[in-house]
Amino acid sequence: MDNRAGEMQVFVRVVEAGSFSEAARQLLMTPSTVSKLIARMEDRLGARLIERSTRRLSLTDEGRLFYERSGALLSELDDIEREISLGAASAGGTVRVNASVAFGVLAIEPLLPEFWRTYPNVVVDLSLSDDIVDLYLDRTDVAFRVGSLADSSLLARKIGVAHRKIVASPAYLDAHGTPVTIEDLDRHNCLGFNFRRAAPVWPLREGGRIVDRMVGGNLLANNGETVRRFALAGMGLARLGDYHVRADLVAGRLVEVLADAGHGDEEDVHALYLGGQRMPQRIRLFLDFMVPRLQAFMKGS
């Protein structure tokens, strides 16, 4: 019978114990049995895994790779058995999540209480920023991003489409007039962003095609929520995602302008993550829980 999982457990215990004799003691086996088992593994693999000396054991390059992969597989096996025997609710660990301020506050935060009722042992480490994070460098498990996907090494699940709208408060429009043409923007205070990927242009439909229209104003902010608040305060026009200003438009706190010119100004929203088939259970459960609910949120349902 194939018992490679058992062999991996013995190999991992030898590496972590630092000797055949100590590993054998912990496993209630004889040192000779442990030594023969490791030798049999090396013969089957056609590679030496451990360099043996009278003083200590050291791993070869192949041994280090086998140790890392074996540890991951055994951990996944433990997760599977725990999920089957106790149910998925027993999953634990930390999921590090990054999202823009508006998407985090409006879409993710309202879902977390229900998520924790379902998976009470999962810790969500939530960071909100409109800057694009590097999942590798920032040790982020899941990032929700609005815009085009540049890093093809990441996996993605599409959440929906963010339709940009140009909005202003009724008080601002009463004081400064409602823009009717794109040229009218030259006479208005257009609130903008200061992060690196932002440009002082709004893509607008003009003459049947999309053109980047230069705009200017007295505010540059690093997140959409700040821009929204200043728009609510009557400080100028703002270009924001429809999900961000949906409630304000319904309540009449903000009014959309130049709707025809903004038609087609949209960006996809994705959940980006590392992993694949060996994705930790806690991350898979988080994505499986969040994605369909966030898709419904983006549709306004």
Side-chain angles (χ1 to χ4, degrees), residues 98-108 128-133 143-150 159-270 297-298 300:
N98 180 275
S100 69
V101 176
F103 194 79
V105 170
L106 297 174
I108 297 174
L128 301 182
S129 170
D130 283 24
D131 288 330
I132 293 180
V133 301
F144 295 94
R145 287 185 184 168
V146 179
S148 59
L149 301 181
I159 301 298
V161 179
H163 302 275
R164 303 290 185 180
K165 294 180 181 293
I166 301 174
V167 297
S169 71
Y172 175 85
L173 297 177
D174 287 343
H176 302 277
T178 299
V180 178
T181 67
I182 293 177
E183 288 73 20
D184 291 341
L185 292 176
D186 295 338
R187 299 187 294 274
H188 282 272
N189 193 42
C190 297
L191 310 176
F193 295 93
N194 61 12
F195 36 74
R196 283 179 296 177
R197 69 183 190 279
V201 296
W202 288 357
L204 299 171
R205 185 173 297 276
E206 186 176 20
R209 61 192 182 94
I210 301 296
V211 297
D212 288 336
R213 181 76 182 187
M214 293 289 297
V215 295
N218 62 6
L219 173 73
L220 296 174
N222 67 353
N223 68 87
E225 181 59 15
T226 296
V227 171
R228 168 184 165 272
R229 291 176 182 175
F230 275 92
L232 287 170
M235 295 296 103
L237 303 176
R239 172 178 165 264
L240 298 167
D242 55 347
Y243 69 88
H244 193 178
V245 295
R246 184 185 298 148
D248 296 321
L249 292 172
V250 171
R253 293 185 294 268
L254 292 175
V255 177
E256 183 179 9
V257 299
L258 296 175
D260 290 339
H263 181 71
D265 182 8
E266 59 188 38
E267 293 180 302
D268 289 339
V269 181
H270 290 90
F297 166 82
M298 291 299 297

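In this text, all values refer to a predicted model and were calculated from it rather than measured experimentally.
Atoms NE2 and OG, from His244 and Ser100 in turn, are 8.0 Å apart once rounded to the nearest 0.5 Å. Leu240 contributes atom CG, which lies 8.0 Å from atom CG of Leu254 (distance to the nearest 0.5 angstrom). To the nearest 0.5 Å, atom CZ of residue Arg213 and atom CD1 of residue Ile182 are 6.5 Å apart. The distance from atom NZ of Lys165 to atom CG of Leu237, rounded to the nearest 0.5 Å, is 15.0 Å. The CZ atom of Arg239 lies 8.0 Å from the CZ atom of Phe193; values are rounded to the nearest 0.5 Å. Rounding to the nearest 0.5 Å places NE2 of His188 at 7.5 Å from OG1 of Thr178.
Formation of a donor-acceptor pair under 3.5 Å by the Asp130 side chain with backbone atoms of Val101 is found in this model. One N or O on the side chain of Asn189 and one on the backbone of Met235 form a donor-acceptor pair closer than 3.5 Å.
By the side-chain hydrogen bond (donor to acceptor under 3.5 Å, both in side chains) test, Arg205 pairs with no residue at all, sequence neighbours left out.
The pair Asp248-Arg229 does not meet the salt-bridge criterion, since no charged nitrogen lies less than 4.0 angstrom from a carboxylate oxygen.
The two atoms that bring Leu191 and Trp202 nearest to each other are O-CZ2, 3.8 Å, heavy atoms only. Between Ala231 and Ser169, the shortest heavy-atom contact is O-CB, 3.3 Å. Of all the heavy atoms in Arg228 and Glu225, the pair that sits closest is NH1-OE2, 2.7 Å. For the pair Leu204 and Ile166, the tightest heavy-atom approach, listed with the atom from each and the gap, is CD2-CD1, 3.6 Å. When all heavy atoms are compared, the tightest approach of Val146 to Ala162 is CG1-CB, 4.3 Å.
When side chains are defined from C-beta on, Tyr243 does not count as touching Ile159, because their heavy atoms never get closer than 4.5 Å. For the pair Pro179 and Leu173, the minimum side-chain heavy-atom distance is below 4.5 Å. A 4.5 Å side-chain heavy-atom check between Leu185 and Leu258 finds at least one atom pair inside the cut-off. Here the side chains of His163 and Glu266 are in contact, with some heavy-atom distance below 4.5 Å. Proximity of Phe103 to Val269: side-chain heavy atoms (C-beta onward) are separated by under 4.5 Å at one or more points.
In this structure, Phe297 places its CZ atom where more than 12 heavy-atom neighbours from other residues, nucleotides or ligands lie under 6.0 Å away.
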